[in-house]
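The structure appears right after this line, and notes come after that.
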Amino acid sequence: MEINKENRKWLDSMGLSHPIVIAGPCSAETEEQVLKTAHELKNTDTNVFRAGIWKPRTRPGGFEGVGAIGLPWLQKVKEETGMLVTTEVGNANHVELALKHGIDILWIGARTTVNPFVTQEIAEALKGVDIPVLVKNPVNPDLALWLGAVERFQTAGISQLGVIHRGFSTYNSLHYRNKPLWHLAIELKKEFPNLPLILDPSHICGRRDTILDVSQTALDLNFDGFMIETHIDPDNAWSDAAQQITPNQLNKITADLRIRKENSNEEEFQRKLNMHRKELDLIDSNILEILSDRMGISKEIGKLKHEENVAILQSRRWSDILLKMVEGGNEKGLSKEFVEEVFKAIHVESINIQHKVK
Ligand code: PEP
Ligand code: MN
């Protein structure tokens, strides 16, 4: 996850400092709302103004965006505040209109990245135009789709590329609107170490009170910036009201973030250490989740055995599992002793759980 500054030149050439802050409403609603929000954001760390002009709503009936009449409002934001402007494009026609109105950066939404036909159509519409493009992850946790979309833009000759992590939808999640599944962003970063990686905590959290926490995790993981939905009157926003914050609240969040410095060797060492520790923390919580899922299944098996009056300890099956795991571990560079130790502990717990089932 080394930063290769050469390939990030487009950020510098656009005057985008670390961390990049992209802020603005989920949707452009009226000219007044757009301009008022932009003027308030001018006094924050925001360096790019965002607003959705065409809104991909999952179900019809919601607000689907003002459409092309909103593009001149973004031009006005640029003229009046000097901030760069960005909007989402979902087809070739959007690209043409956005380019005609001097939009500085385009972003590809999660519902577009998921569709290789549409992504390809947009990439082709951009041939010969070297405008920065930020690719959001697809709605589903499929790393290949995300990588594939990035590759389509690279092939079309877009050299100023970045990615946005906005979380992945799940059937049911208590804490998140879209689960962060950080390991996917970490994997993407490994494949494309030179692409700026931006966090969209708004769509991950779906609420205001957890934005700071999720943003800090991203900074600790060496993300390059944020896209945060910001509105002058969040409660009355026409889309995504629950997660939008005011420019003042944005100020508070960026002030509270612990932002790393990249100077001395010691700071660099600390930064890397913290980043790897954060990665370990995330993997450890995944291990816990997987273990608890495994024990849930053991419980089901326990019930079945109880109903059928079958012995709980099936030593033949157990030796088969252990052998397979030792072999698999060996291929992955894990020692026999370690794998045996771990799986014996899992087995003992599983047997205990099955004994408790009545
Ligand atoms: C948005 O940024 O408002 C948006 C629609 O995001 P996503 O594509 O991540 O759902
Ligand atoms: Mn939104």
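Here the structure is a predicted model, which means the values were calculated and not measured. Counting convention: from 1, in listed order, for ligands and their atoms alike.
In the hydrophobic clustering of ILVMFWY residues, with side-chain heavy atoms under 4.5 Å counting as a link, Phe223 and Val133 come out together. Criterion: ILVMFWY side-chain heavy atoms under 4.5 Å apart, direct or through other members. Under it, Ile186 and Leu280 are not part of a common hydrophobic cluster.
By the 30° and 60° cut-offs, the orientation of the rings of Phe168 relative to Trp146 is perpendicular.
Interface atoms of ligand 1 facing Arg111, defined by a heavy-atom separation under 4.0 Å, are 7 (P), 8 (O), 10 (O). The distance from ligand 1 to the heavy atoms of Trp107 drops below 4.0 Å at these ligand atoms: 2 (O). Residue Arg166 approaches ligand 1 through these ligand atoms, each under 4.0 Å from one of its heavy atoms: 7 (P), 9 (O), 10 (O). Listed by atom number, the atoms of ligand 1 under 4.0 Å from Glu88 heavy atoms are 5 (C). Near Glu229, meaning under 4.0 Å from one of its heavy atoms, ligand 1 places the atoms 1 (C), 2 (O), 3 (O). Close approach to Gly109 involves these atoms of ligand 1, each under 4.0 Å from a residue heavy atom: 8 (O). The ligand atoms of ligand 1 that sit less than 4.0 angstrom from a heavy atom of Arg50 are 1 (C), 2 (O), 3 (O).
Protein heavy atom at the shortest distance from atom 8 (O) of ligand 1 is Ala110 N, 2.8 Å. The protein non-hydrogen atom at the shortest distance from atom 6 (O) of ligand 1 is Lys136 NZ, 2.9 Å. The nearest heavy-atom contact from the protein to atom 4 (C) of ligand 1 is His203 NE2, 3.5 Å.
When you scan the N, O or S atoms of Glu229 for the one nearest the Mn ion (ligand 2), you land on OE2.
Gln33 and Thr30 form no side-chain donor-acceptor contact under 3.5 Å, judged by distance and modelled atom types alone. Side-chain contact, Ser169 with Asn178: no donor N or O sits under 3.5 Å from an acceptor N or O. No hydrogens or angles considered: nothing links the side chains of Asn352 and His355 as a donor-acceptor pair under 3.5 Å. Using modelled atom types and a 3.5 Å distance limit, the side chains of His183 and Glu279 yield no donor-acceptor pair.
Ligand 1 is approached by Lys55 to a heavy-atom distance shorter than 4.0 Å. At least one heavy atom of Cys26 sits closer than 4.0 Å to an atom of ligand 1.
The nearest pair of heavy atoms linking Phe226 to Ile198 is C-CG2, 3.6 Å.
With the Mn ion (ligand 2) at the apex, Asp240 OD2 and His203 NE2 define an angle of roughly 90° (rounded to 10 degrees).
Ion pairing of Asp233 with Lys36 is absent here, as no side-chain N (NZ or NE/NH1/NH2) approaches a carboxylate O to less than 4.0 Å.
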